[in-house]
Amino acid sequence: METKDFFQDKQKSINWQITLKVFIIGIIAIVLLVPKFMILGLIQERQTTAEITNKEVMQKWSLAQTVRGPVLSIPYIERSFDSEGKETREEIRECYILPKTLNIGGEIFPEKRKRSIYETVVYESGIEIGGHFDATDFDQLNIPANDVLWKKAKILVAISDLRGISDKISFNWNDSTFSFLPGMENRLIGNNGISLPLSHFSYEDLPGEFQFTLRLKGSESLNFAPLGETTEVALLSKWNDPGFEGTFLPAEHNIDNNGFTARWKILNFNRNFPQQWKNDEYRVTNADFGVKLVTVADHYQKSSRSAKYAIMVILFVFLSFFLSEIIAKQKIHPFQYILVGFAVLIFYLLLLSISEQLGFNLAYLISAVAVIIMVLFYSRTFLKTWMNSLIQTLILTFSFGFIFVLMQLETYALLVGSIGLFAVLGLTMFFTRKINWYNE
């Protein structure tokens, strides 16, 4: 009877030890969340520093560019009359004429600029703009023909950052060539720009064909406004990570390793302003569209995403060590769990620091190999055989490899991650199905 009681007490003691060990492992995993969040904070801090540096480089080079134009601005005399039909006041106002057709073709030449360890993408571009203005019926605007001040007409082109203009701009109108002047005061079109006074302009100059070339520097994005009754834009570049933004998406586009091409075709029915208006009835600044030179999931974004999976990797490794304790009857001290957990966290610090120098993929390989080798040799000091150590490090290797695959997937990352975790849980259930946890 006493022998039976002894074995029952011993079994209870073993069950209590297993329960206590699971509790301790859980506490260790929770405590390791603190340095994990510190690492995430460090990644965010480094990313913020990189973004500040990028903005400084862009500010000195040239900011994102938006081109709107050309717009034909024609002053006219607006007269006021009293109830008896006597003129009481006359005021100089403006009417705006948009081109009948607007054709834009351009090529973007991206360039990477480095400051310290940080890299910024800027660009130069060559943009050909052409089309024609149709004859204008001022009766539709309720403007008497005699009140139109043809000699004060201007061509307006809004350019968001004038520092990006790299060359003089000549404007070809019918058979004449003119040079633009800096400055444009018209917030209906844009805050900055260039203008061309047409001092010899007259009604006979309409319809008119126009053409000009812009050599424009910028950063981050290049946008246009659909000012033509029919607007067609064609862009190409060697940059293979474009983001199409704004009010309109391209009708056709192609993206491959050699770059991208995109073509837009926009009609006047697709926007909320007409081809001609007077005074401040409409603005054209809310219909911009174009392309953004996207840096898809740079090394800071990828490091942050991978660090969010740190607790999952730690739990995988702890689970494998705990099962080794149960199956191989090899006791592992909680302090050894802590050191292995810290080794996994050190991986993310190595990844962050090395990726700033060598890029994410190579940094991931170097950091993973370093931590795997360290865990392999350390685990051999407290596990019975090399085989046990290899099994533990293979699980760690699988965890790092699985996370790396998720980093390469943008659209299907959640789907693949969910299926992978489901498979891991299923395998764990399968291999532990015969363990007698209570030794009954």
Give, for atom CD1 of Ile366 and atom CG of Leu362, the distance between the pair rounded to the nearest 0.5 Å. 4.0 Å
Does the pair Lys292/Glu245 count as a salt bridge with the N-to-O cut at 4.0 Å? no
Take Thr177 and Asn172 through the side-chain hydrogen bond (donor to acceptor under 3.5 Å, both in side chains) test and state the conclusion after the steps. CA-CA 4 Å; Thr177 301; Asn172 299 317; 2.9 Å; yes
Distance-minimising heavy-atom pair for Ile395 and Ser320: CD1-CB, 3.2 Å
So, taking the atom named CG in Leu227 and the one named CD in Gln275, what distance separates them when rounded to the nearest 0.5 Å? 8.5 Å
Is there a side-chain hydrogen bond (donor to acceptor under 3.5 Å, both in side chains) between Thr213 and Glu128? Walk through the geometry before answering. CA-CA 5 Å; Thr213 301; Glu128 298 285 342; 2.8 Å; yes
Between NZ of Lys217 and CD of Glu111, what distance do you get to the nearest 0.5 Å? 9.5 Å
Shortest non-hydrogen separation from Ile255 to Asn240 and the atoms involved: CG2-O, 3.5 Å
For residues Asn223 and Val67, determine if any side-chain heavy atom of one lies less than 4.5 Å from a side-chain heavy atom of the other. no
So which pairs with a foot in residues 176-197 pass ring pair (Phe, Tyr, Trp, His ring centres under 6.0 Å), sequence neighbours left out? Phe171-Phe180, Phe180-Phe212
Run the ring pair (Phe, Tyr, Trp, His ring centres under 6.0 Å) test against Phe377 and tell me which residues pass, sequence neighbours left out. Trp386
What I'd like to find out is whether the side chain of Leu383 reaches to under 4.5 Å of the side chain of Phe321, using heavy atoms alone. yes
Given side chains that start at C-beta, do those of Val157 and Arg68 come closer than 4.5 Å, heavy atoms only? no
Non-hydrogen side-chain atoms of Leu72 and Phe210 separated by less than 4.5 Å: no
Atom CD1 of Ile194 and atom CE of Met184: how far apart are they, to the nearest 0.5 Å? 9.5 Å
Using the rule given for ring-ring contact (aromatic ring centres under 6.0 Å, His included), can you reason through His253 versus Phe244, listing the C-alpha separation, both sets of side-chain angles and the distance that settles it, and then say yes or no? CA-CA 10 Å; His253 71 273; Phe244 301 112; 5.2 Å; yes
What's the spacing between Phe289 CZ and Asn270 CG if we round to 0.5 Å? 10.5 Å
Pairs under 3.5 angstrom only: tabulate donor-acceptor contacts from the side chains of residues 337-352 to other protein residues two or more places apart or in another chain.
| from | atom 1 | to | atom 2 | distance (Å) |
| --- | --- | --- | --- | --- |
| Tyr337 | OH | Phe322 | N | 3.3 |
| Tyr337 | OH | Glu325 | OE2 | 2.6 |

Tell me, do Ile311 and Lys36 make a side-chain contact under 4.5 Å, heavy atoms counted? yes
Side chain of Ser304, backbone of Gln301: donor and acceptor closer than 3.5 Å? no
Taking the inter-plane angle between the rings of Phe360 and Tyr364 on a 0 to 90° scale, is it parallel (under 30°), tilted (30 to 60°) or perpendicular (over 60°)? tilted
Given the side-chain rings of Trp277 and Tyr96, with only the six-membered ring counted for Trp, is the space between their centroids under 6.0 Å? yes
Between Asp256 (side chain only) and Asn258 (backbone N and O only), is there a donor and an acceptor less than 3.5 Å apart? yes
Shortest non-hydrogen contact between Pro70 and Ile129, atoms and distance: CD-CG2, 4.2 Å
Where the side chain of Asn388 meets the backbone of Ile391, is there a donor-acceptor pair that is under 3.5 Å apart? no
Do Ser160 and Gln65 get their side chains close enough for a donor-acceptor pair, meaning under 3.5 Å? yes
Could you tell me whether a side-chain N or O of Ser237 sits under 3.5 Å from a main-chain N or O of Ile108, the two making a donor and an acceptor? yes
Could you tell me whether the side chain of Asp288 reaches within less than 4.5 Å of the side chain of Phe224, counting heavy atoms only? no
Does Glu356 pair with Arg46 as a salt bridge, N-O distance under 4.0 Å? yes
Using atom types as modelled and distance alone, determine if a side-chain donor or acceptor of Asn279 lies under 3.5 Å from a backbone N or O of Glu281. no
Is any side-chain heavy atom of Val291 closer than 4.5 Å to one of Trp239? no
Ser62 backbone acceptor or donor facing Asp161 side chain under 3.5 Å: no
For the atom pair OG1 (Thr231) and CG (Leu102), what is the distance rounded to the nearest 0.5 Å? 4.5 Å
Under 3.5 Å donor-acceptor, Arg271 side chain and Phe273 backbone: yes
Side-chain contact, heavy-atom cut-off 4.5 Å: Trp61 with Glu124? yes
Would you say Ser195's side chain and Gly183's backbone share a donor-acceptor pair under 3.5 angstrom? yes
Does the side chain of Tyr300 pick up a donor-acceptor pair with the side chain of Gln44 at under 3.5 Å? no
Scanning both residues in full, the closest heavy-atom pair of Val313 with Ser399 reads CG1-CB, 3.9 Å
Please answer whether the main-chain N or O of His333 pairs with a side-chain N or O of Gln336 as donor and acceptor at a distance below 3.5 Å. yes
